[in-house]
Amino acid sequence: MPSSVQILGTGQLVDLSRRMRRAGGPRLRQNFARRVRRAAEPLQKDLQKAIRSQPLVSEGRKRNRDGRMGRGGPSPTTRPLRDTIARSIKISVRQSTGIGARVWIDRGQLPADIKNMPWVIESGRVRHPVFGNRRRWATQWARPSGWWSRTVAAGTPRMRAEVERVLGDIRRDLT
């Protein structure tokens with residue numbers, strides 16, 4: 001799974017950035033950055049919605065040797081997994097080198113024990129110790145898999161079209 005989706009570096013964006021710099025308008029650059037960020041916000045919201053609604057299905061509880069249902073209990077953590085991942089999805093807009101918008105997962109905001117979890121869920125198979133017991137493992141399935149790639153594939157054309165519209169508007173302002 002790619003760690004981010006980016007609309008950047010096209011010749012039009014570089015040329016436009018140089019012309020904006022020559023025009024000397026910090027207000028124009030701020031307007032550009034704000035509008036590009038707004039173009040990326042629907043994709044960010046879609047990604048957050050996708051991970052929050054991603055089902056993780058398990059095989060169910062196994063029976064003990066004596067035929068009774070296995071032990072259970074409360075989760076050892078009170079941290080909501082999918083919401084934590086959703087809150088770490090960010091947008092960044094660059095105006096100098098690598099001009100454009102980027103939607104990415106900020107691994108620095110994720111707790112150490114789930115830093116790779118977005119990519120694990122993307123793959124469709126989550127294997128973890130049962131209530132922290134490293135001698136018993138459970139497998140959960142993210143069905144359908146590909147929450148990131150499916151959402152990015154669906155949202156990128158809309159984001160790209162909006163950035164093209166912003167470029168056209170600013171290009172008209174500069175001429």
Side-chain angles (χ1 to χ4, degrees), residues 1-56 77-126 128 142 144-175:
M1 171 180 103
S3 60
S4 66
V5 58
Q6 302 178 37
I7 306 290
L8 50 79
T10 65
Q12 295 172 347
L13 288 173
V14 173
D15 181 50
L16 184 64
S17 173
R18 287 183 184 133
R19 287 171 50 193
M20 283 173 31
R21 209 173 299 126
R22 276 196 303 267
R27 198 177 103 246
L28 188 62
R29 284 196 307 261
Q30 288 172 347
N31 184 33
F32 171 73
R34 186 183 77 251
R35 291 183 66 193
V36 169
R37 176 176 291 280
R38 281 195 186 145
E41 283 174 355
L43 181 59
Q44 178 194 26
K45 300 260 185 270
D46 290 348
L47 285 165
Q48 289 173 335
K49 182 180 175 187
I51 190 61
R52 283 186 174 118
S53 63
Q54 176 67 54
L56 291 174
T77 176
T78 57
R79 179 182 60 232
L81 172 69
R82 288 172 281 224
D83 192 55
T84 302
I85 294 171
R87 281 184 273 122
S88 71
I89 298 173
K90 304 291 180 202
I91 300 174
S92 60
V93 177
R94 296 187 65 180
Q95 297 180 48
S96 55
T97 58
I99 300 163
R102 179 177 167 213
V103 179
W104 54 291
I105 295 176
D106 185 2
R107 289 182 59 181
Q109 281 198 335
L110 293 173
D113 59 335
I114 63 168
K115 282 201 185 296
N116 291 326
M117 193 54 69
W119 295 272
V120 171
I121 294 173
E122 168 77 7
S123 73
R125 180 175 180 242
V126 180
H128 61 88
S145 63
W147 69 274
W148 178 272
S149 54
R150 279 184 293 110
T151 308
V152 166
T156 300
R158 179 179 58 196
M159 182 175 159
R160 195 175 299 271
E162 182 64 23
V163 169
E164 288 294 328
R165 193 173 67 77
V166 169
L167 286 173
D169 291 349
I170 291 181
R171 201 176 293 119
R172 267 194 307 280
D173 289 348
L174 290 175
T175 56

Revision key, fill the gap. E162 and A39 have their tightest heavy-atom pair at CG-CB, 3.2 Å

Exercise for review: Report the C-alpha separation of M117 and I85 in whole Å, then their side-chain angles, then the decisive distance to 0.1 Å, and conclude whether the side chain to side chain contact (heavy atoms under 4.5 Å, CB included) test is met.
Suggested key: CA-CA 8 Å; M117 193 54 69; I85 294 171; 4.0 Å; yes

Check your understanding: Can any side-chain N or O of R102 pair as donor or acceptor with the backbone N or O of V93 at less than 3.5 Å?
Key -> no

Check your understanding: Is there a side-chain contact between W119 and I105, using heavy atoms and a 4.5 Å cut-off?
Key -> yes

Practice item. Using a strict 4.0 Å threshold on nitrogen-to-oxygen distance, state whether E41 and R38 make a salt bridge. Key: no

Point to revise | Side-chain donor/acceptor of Q44 to backbone N/O of I89, under 3.5 Å | key: yes

Practice item. Looking only at non-hydrogen atoms, find the nearest pair between N116 and R107 and report the distance. Key: OD1-NH2, 3.2 Å

Review point. What's the shortest heavy-atom distance between M159 and A40, and which atoms?
Key: CE-CB, 3.8 Å

Review point. Of all heavy-atom pairs between P157 and A154, which one has the smallest distance, and what is that distance?
Key: CD-O, 3.7 Å

Study note, to complete from the structure: Taken to the nearest 0.5 Å, the spacing of Q48 CD from L43 CG works out to 10.0 Å

Check your understanding: Just wondering, do L47 and W148 contact through their side chains at under 4.5 Å, heavy atoms?
Key -> yes

**Study point:** Stepwise side chain to side chain donor-acceptor pair (under 3.5 Å) test for S145 and E122
**Key:** CA-CA 6 Å; S145 63; E122 168 77 7; over 6 Å; no

Check your understanding: Any side-chain heavy atom of P111 within less than 4.5 Å of one from T84?
Key -> yes

Check your understanding: Does a side-chain heavy-atom distance below 4.5 Å link I121 with L81?
Key -> yes

Exercise for review: Measure across I91 and V103 and return the closest heavy-atom pair with its distance rounded to 0.1 Å.
Suggested key: CG1-CG2, 4.3 Å

**Study point:** Student check: side-chain heavy atoms of R150 and D46 closer than 4.5 Å
**Key:** no

Exercise for review: For the residue pair R165 and R35, establish whether any side-chain heavy-atom pair is separated by less than 4.5 Å.
Suggested key: yes

Exercise for review: Could you tell me whether D106 and K115 make a salt bridge, using a distance below 4.0 angstrom between a side-chain N and a carboxylate O?
Suggested key: no

Practice item. Mark yes or no for whether S123, through its side chain, and V120, through its backbone, hold a donor-acceptor pair below 3.5 Å. Key: yes

Practice item. Please examine the side chains of W147 and S53, heavy atoms only from C-beta on, and report whether any two atoms are closer than 4.5 Å. Key: no

Practice item. Report yes if some heavy atom in the side chain of R52 is under 4.5 Å from a heavy atom in the side chain of K49; otherwise report no. Key: no

